[in-house]
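Reviewing the structure listed below.
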There are 2 protein chains.
Amino acid sequence: MKEKISKAVISRLPRYYRYLADLKEENVDRISSNDLAKRMHVTASQIRQDLNNFGGFGQQGYGYNVSYLHGEIGKLLGIDRQNKVIIIGAGHIGQALANYQNFSRRGFLVKALFDIDPEVIGRNIRGAEVYSLDRLEEYLAENEVDIATLTLPRDRALEVANRLCACGIKAIWNFAHTDLNVGEDVLVENVHLSESLMQLSYRMLAAREAEEERMKHAEQLKLDHRRRSEKAGGLRKELPGA
Amino acid sequence: MKEKISKAVISRLPRYYRYLADLKEENVDRISSNDLAKRMHVTASQIRQDLNNFGGFGQQGYGYNVSYLHGEIGKLLGIDRQNKVIIIGAGHIGQALANYQNFSRRGFLVKALFDIDPEVIGRNIRGAEVYSLDRLEEYLAENEVDIATLTLPRDRALEVANRLCACGIKAIWNFAHTDLNVGEDVLVENVHLSESLMQLSYRMLAAREAEEERMKHAEQLKLDHRRRSEKAGGLRKELPGA
DNA sequence: TAGATTGTTAATCGATTAACAATC
DNA sequence: TAGATTGTTAATCGATTAACAATC
């Protein structure tokens with residue numbers, strides 16, 4: 001029925017959702033693609049094109065109803081339902097995610113964590129218990145889980161991912177710094193924090209270099225200018241009538 | 001001098017870096033774009049095109065020297081130098097980042113954290129002290145900082161970002177769920193965790209729907225088939241010679 | 001030298017932007 | 001009805017892939 005939506009479009013949906021939530025907060029009832037475009041620093045064309053992938057949410061001559069559009073995008077993103085999440089790896093990041101209230105606010109409920117460290121097994125984080133990783137299969141047999149989060153060292157990530165897939169998990173949110181080559185019916189969304197940081201680092205260095213280049217260029221111009229003035233001065237002295 | 005490198009290329013550099021580190025670990029000396037492409041599930045063309053943005057790292061008839069290429073990409077990403085990082089917001093995520101050893105391993109050193117909560121101020125996380133946010137300007141005047149990480153609630157993020165920019169910070173790693181409209185000479189790299197999760201959720205729902213569609217379609221085919229057989233059977237009965 | 005493989009140009013593909021007819 | 005603004009088609013732009021000459 002519907003065409004496959006490109007990744008670029010999907011990646012923009014949450015941002016639309018956020019801006020619409022803000023507009024709702026400001027009690028704005030309707031907005032045109034043009035006004036929204038100005039706020040978001042994108043083109044109105046892109047907004048209309050993006051939204052039309054999912055059907056006509058707007059109305060000619062009127063624009064988009066903020067509340068309605070917000071709701072529809074929320075439905076697309078699955079915010080309207082309860083998504084059951086588990087976290088494998090109850091280290092610093094795993095625990096931070098379990099504590100992150102923005103997730104539960106959007107319907108992502110952390111139901112359980114798993115770890116191998118006896119120190120953390122048995123702890124309870126905002127209602128979610130930390131189980132021994134040994135009990136993963138047992139838990140999955142008894143409980144429905146939508147999304148499994150991997151926050152463990154990279155060398156153990158693939159093994160756990162395979163165990164999850166064997167239990168029928170269809171969506172993995174991967175924080176481990178490795179590519180999970182699992183079956184293609186299993187969705188993997190990567191969050192590679194150090195890669196994000198490295199990209200920032202790259203851009204920072206590139207900007208510094210560009211800045212230095214600019215400075216050097218300006219310096220050169222100044223030098224050239226001085227030399228030219230001197231030469232002109234010299235010429236003047238040599239002019240006959242001087 | 002050099003052309004502007006596209007964001008798509010930059011985002012792939014850390015992944016090349018990771019695969020090259022793995023190859024080094026496996027004591028592989030050289031690799032062709034073709035073999036690397038197979039490992040990474042990308043095209044050889046893309047690898048050669050990407051790397052050539054930064055100059056000829058390879059050699060015709062030989063391929064790429066793993067160790068050399070790893071080093072060069074590391075330099076591009078600033079892994080070879082010490083990057084001084086501070087973290088504003090010493091909550092769960094901020095503390096998790098400060099504890100994350102993969103960063104220091106790549107030359108990103110968390111030097112200090114800042115918070116307004118008296119409960120956490122004064123704590124020490126792997127050698128980095130948590131200061132009162134009041135002392136941010138004081139700290140920045142006395143210490144060189146390359147990257148500022150924002151892990152605080154969205155409503156306070158922009159204000160802090162502006163304070164950072166006023167002190168000359170040129171790179172912000174933003175975990176706050178908002179767009180920071182700072183000066184265009186300031187680099188912002190966003191990590192929007194809930195948006196990443198929402199994208200996964202979207203893809204999960206889309207896959208489920210596609211699956212249902214497939215099932216329904218298969219069901220319909222079965223029905224059609226049965227109906228056709230029945231009709232054929234009926235016809236047969238009515239055939240004269242029966 | 002012959003074989004291999006890069007660096008680079010050309011062709012293709014996909015995503016973004018512009019334009020405008022449809023319609024509220 | 002006239003004005004506004006969408007939905008959608010066409011044009012442009014950029015990124016990816018293919019091809020191949022250069023060269024180790």
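The figures that follow rest on heavy atoms only: side chains count, while hydrogens, waters and symmetry mates do not. Everything quoted here is computed from the prediction, not taken from an experiment. By convention in this document, chain letters (A, B, ...) are assigned in the order of the sequence lines, proteins followed by strands, and residues within each chain are numbered from 1.
A cation-pi arrangement is not found for B/Arg30 relative to B/Tyr64, the charged atom failing to lie both closer than 6.0 Å to the ring centre and inside a 45° cone about the ring normal.
If you measure from atom CD1 of A/Ile5 to atom C1' of C/dA15, you get 13 Å, rounded to the nearest angstrom.
As the counterpart of C/dC24, D/dG3 is assigned, both hydrogen-bonding distances of the Watson-Crick or G-U wobble pattern falling under 3.5 Å. The base-pairing partner of C/dA18, taking Watson-Crick or G-U wobble contacts with both distances under 3.5 Å, is D/dT9.
When the side-chain nitrogen and oxygen atoms of B/Tyr64 are compared with OP1 and OP2 of C/dG7, one or more of them lie within a distance under 4.0 Å. OP1 and OP2 of D/dC20 both lie 4.0 Å or more from every side-chain N or O belonging to B/Arg48. Between A/Ser33 and the phosphate of D/dT6, there is a side-chain N or O to OP1/OP2 separation shorter than 4.0 Å.
Taking the six-membered ring where the residue is Trp, the centroids of A/Tyr100 and A/Phe103 are separated by under 6.0 Å.
At a threshold of 4.0 angstrom between heavy atoms, the contacts of A/Thr43 are confined to the sugar-phosphate backbone, with no base atom among them.
For a distance-only test at 3.5 Å, the side chain of B/Gln49 fails to qualify as a donor-acceptor partner of the base of C/dT6. A donor-acceptor contact under 3.5 Å is not formed by the side chain of A/Ser6 with the base of C/dA15.
When side chains are defined from C-beta on, B/Leu76 does not count as touching A/Leu205, because their heavy atoms never get closer than 4.5 Å.
Rounding to the nearest 0.5 angstrom, the gap separating the CZ atom in A/Phe57 from the CD atom in A/Glu72 is 5.0 Å.
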